[in-house]
Structure formats: structure tokens, C-alpha cells
Amino acid sequence: AIDPASGETLWTFRLNEGEARTASAPRRNSGRGVAWWREGGDARILMITPGYQMVALDASTGQLVQSFGRSGIVDLRQGLDVDVEHTRIGSSSPPLVVGNVLVVGSALDPGTRPKSRRQTAAHVRGFDARTGRELWRFHTIPRPGEFGHETWQEESWQYTGNAAVWTTMSADLERGLVYLPVEAATSDYFGGHRPGDNLFSSSLVCLDAKTGQRVWHYQIVRHDIWDYDNPTAPILMDLTLDGRQVPAVAQLTKQAFTYVFNRVTGQPIWPIEDRPVAAPDVPGEVAAATQPFPTLPEPFDLQGISEDDLIDFSPELRAAAIDAVEKIRLGPLFTPPSLANDPDGSQGTLV
């Protein structure tokens, strides 16, 4: 803590977690800031450490708040239904404060080339800001009896992981709603071991912050095999449409689309069309036949790639560029990944 006028250091805090705990954290555990909570004269700073522990500090002194968790600390690895000693899990974002609830996500190792289809599933949890007690948890990979469970076919919910909320969440404090930008499930570019649409992977999910109950959701990518997980905090805004004010939430995406919804009802502000996309030919892969395309706003960047997008600074460079992609597949948005050594002679897909 620093005095803003003089620059004087008021207090510092660092939790010595030891090598064993910090070594088990994924590389996406930067923290990206701290959270602030106040009730009357009780003001607290909340942070999540590299070793995945949530700490409550007295904002004035930097001392641990003894009434929170166990002497000021909540071990977030506990209660995850996994072998915590062999699970690499952390957090790349601070807790989100919604009234007296702390909403916590998690970060796992990226799913680019996982060693196994069996990975940690990442719940989103709500904690009491006063005591640190867990209030609720939302399974981003639904369990039996939960909404969306049937989208994980062949019992794939049992072993599939990721589908975390590693980026920053957003909240409508007036309405007590929290918005989860959920990432893709394991693995990023192959889903043959997880048939189905895979809710709530690559979805925007709205929860009641007090209860953790789902209010609405929209799956932005079905059966994601492009690593098109949501990378940014949802943006809350009030739009004036046809002379009336509409509460909205916008989700920016890696595929250069902006998906905009009524943030209370989940209804799209502008039409979103289901359009057919190319089918994969990777053995064992069964992708979704259609994907949702917003009609507005227009894409803010390049989507897909063709020869027209290659450099043409000179005839020689143009020829070299065309030669470089001779054995690489090109195509529009949602062109599926392909084998590195395909029988047709191609060596993968350029995205």
C-alpha cells in the first residue's frame, strides 16, 4: 500500500507459500490486481496468491483478517474434488466483489497439447466476503442432473477439464448479476474425446451472485476446436435503441465478433444467425454442423484467411508467400483443424 500523495510505502504483504505450492501453479497466475471490499469501518484488500490461496488483509494495516477463512486465508485448492497434490491450478484474475460475495475463477495449464484427455475441471465459486465460507459453486462442465449435462456425450464430463474462467469477470452490481466468460474445454484443437456441444465451454454465462444459479447463457462456440475461448471481461453498457434504454453486455472474441445481449434476459440485441460450417476430416472428430454468427456489429478484424490475405509487397514476396502455404489449408472462419501429415499431402490448417 502506497500513500498516493507522497509515494511513501505504508505496508507490504507477501505470503511465503514454499516451492512445492508455487511449482504446482500454472503459468497463467499473474493475479492482475487485487479486490476491495468494505462494510462500515471494515475495509479489506483481497488477493489470490500464486499458490491459489485467497487472502484477506486489513486495508489500513496490511495484517491478515483473522476472522476470514483460517486466520485470514482460504485455500482455494480445497473442495475441488481433485487430487490437489498433482493438480496445477491457480488464478490469473482477482476475486470479483459483488455485494458481500467474492466470485472466484481459476486458471489451468493451456490445453494446446495436453498429455492426457483427463484434466481438472474448473468450477466457479462464490465465497462470503466476511468469513471466507464457500456459498455456492457453478460447474462449468455440468454434472448429472444439471442443465447442459446431456451435451457431454459418452460420459465425457467425467474426465474432461479446463472450461475455466481465467480472464476477468464482470458484474451488474445493481442487479446482483455476474457474467462468466468461460474458456474452451480440453483440448484446444481436438474434441473427439468429448462428443457433443459441450456446455458451458466457450460460453457467456450469467449467474445470480448470491446463489450461483444460472440466469441465462449463450454458447458462443459449440464444441470448440479452435481455441476460441472468451479472452476478455464482458463489457457492460446501456444502449439507446429505438428511443428506449436497454441494459446490455458485450463479449469480445478471438474470432473478431462482438456478441451483444440484453444483460438481464440474455436476448441478443441484434440477430445472431446459425450458419453451416465446414466439417472436419480428422479421425474421431465430430464437430458442430453450425456456429452462431452475429449480424451486428460487423467483425473488427480479419476472419479466416485466403491467398488474397498473403503479402504482396513485391512479386517475389508474393510468390514466396504462395509457395509457403502450398501444403497448408486455408479457409474462412471456423475452418476446422487438420492433421499435420494428412493423407492428401497437407500439413495443417492456417488460422
Side-chain angles (χ1 to χ4, degrees), residues 93 96 98 101 103-106 121-126 135-153 156-157 160-172 175-186 191 194-237 246-255 257-274 287-288 290-294:
S93 297
L96 180 67
V98 189
V101 179
V103 186
V104 175
S106 59
H123 318 310
V124 176
R125 292 174 286 174
L135 301 173
W136 53 260
R137 65 178 57 189
F138 178 80
H139 296 130
T140 56
I141 298 179
R143 305 291 178 85
E146 295 179 340
F147 184 93
H149 174 70
E150 72 283 354
T151 66
W152 297 84
Q153 299 171 11
S156 56
W157 68 273
T160 306
N162 290 91
V165 180
W166 57 263
T167 191
T168 312
M169 295 173 275
S170 301
D172 184 328
R175 296 176 174 88
L177 300 175
V178 59
Y179 301 89
L180 316 181
V182 185
E183 71 164 347
T186 314
R194 47 174 170 86
D197 281 352
N198 307 145
L199 280 177
F200 292 93
S201 164
S202 299
S203 299
L204 179 61
V205 182
C206 174
L207 302 182
D208 182 306
K210 288 185 177 180
T211 65
Q213 294 297 306
R214 179 183 59 89
V215 178
W216 60 264
H217 77 278
Y218 192 91
Q219 189 167 31
I220 288 173
V221 183
R222 304 184 185 107
H223 189 83
D224 193 349
I225 51 174
W226 298 272
D227 191 28
Y228 280 161
D229 54 330
N230 299 310
T232 66
I235 302 167
L236 275 58
M237 64 186 76
V246 178
V249 57
Q251 179 65 59
L252 301 179
T253 66
K254 294 179 181 178
Q255 54 270 39
F257 274 138
T258 306
Y259 292 79
V260 189
F261 307 94
N262 182 306
R263 68 174 180 264
V264 179
T265 67
Q267 291 298 310
I269 296 295
W270 296 286
I272 300 176
E273 299 177 349
D274 274 356
T290 63
Q291 294 291 348
F293 285 71

Under the side-chain contact (heavy atoms from CB on, under 4.5 Å) test, which residues partner [X], sequence neighbours left out?
X: Thr290; value: Arg222, Asp274
X: Asp208; value: Lys210, Thr211, Val215
X: Pro271; value: Thr295
X: Leu135; value: Val101, Asp128, Arg133

Please identify each residue that fulfils side chain to side chain donor-acceptor pair (under 3.5 Å) with [X], with sequence neighbours left out.
X: Thr186; answer: Asn162
X: Gln219; answer: none
X: Glu273; answer: Arg275

Taking only residues two or more places apart in sequence or in another chain, which ones pass ring-ring contact (aromatic ring centres under 6.0 Å, His included) with [X]?
X: Phe200; result: Phe138, His217
X: Tyr218; result: Phe261
X: Trp152; result: none

Salt bridge (charged side-chain N to carboxylate O under 4.0 Å, His left out) partners of residues 136-148, not counting sequence neighbours, each pair once: Asp81-Arg137, Asp81-Arg143, Glu134-Arg137

Quiz item: cation-pi between Arg263 and Tyr179, 6.0 Å / 45°: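 No; the conditions do not both hold, so Arg263 does not lie above the ring face of Tyr179.
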
Test salt bridge (charged side-chain N to carboxylate O under 4.0 Å, His left out) applied to Arg175 - qualifying residues, sequence neighbours left out: Asp172

Test item: Pro247 and Asn262 side chains (from C-beta on) under 4.5 Å apart, heavy atoms: yes

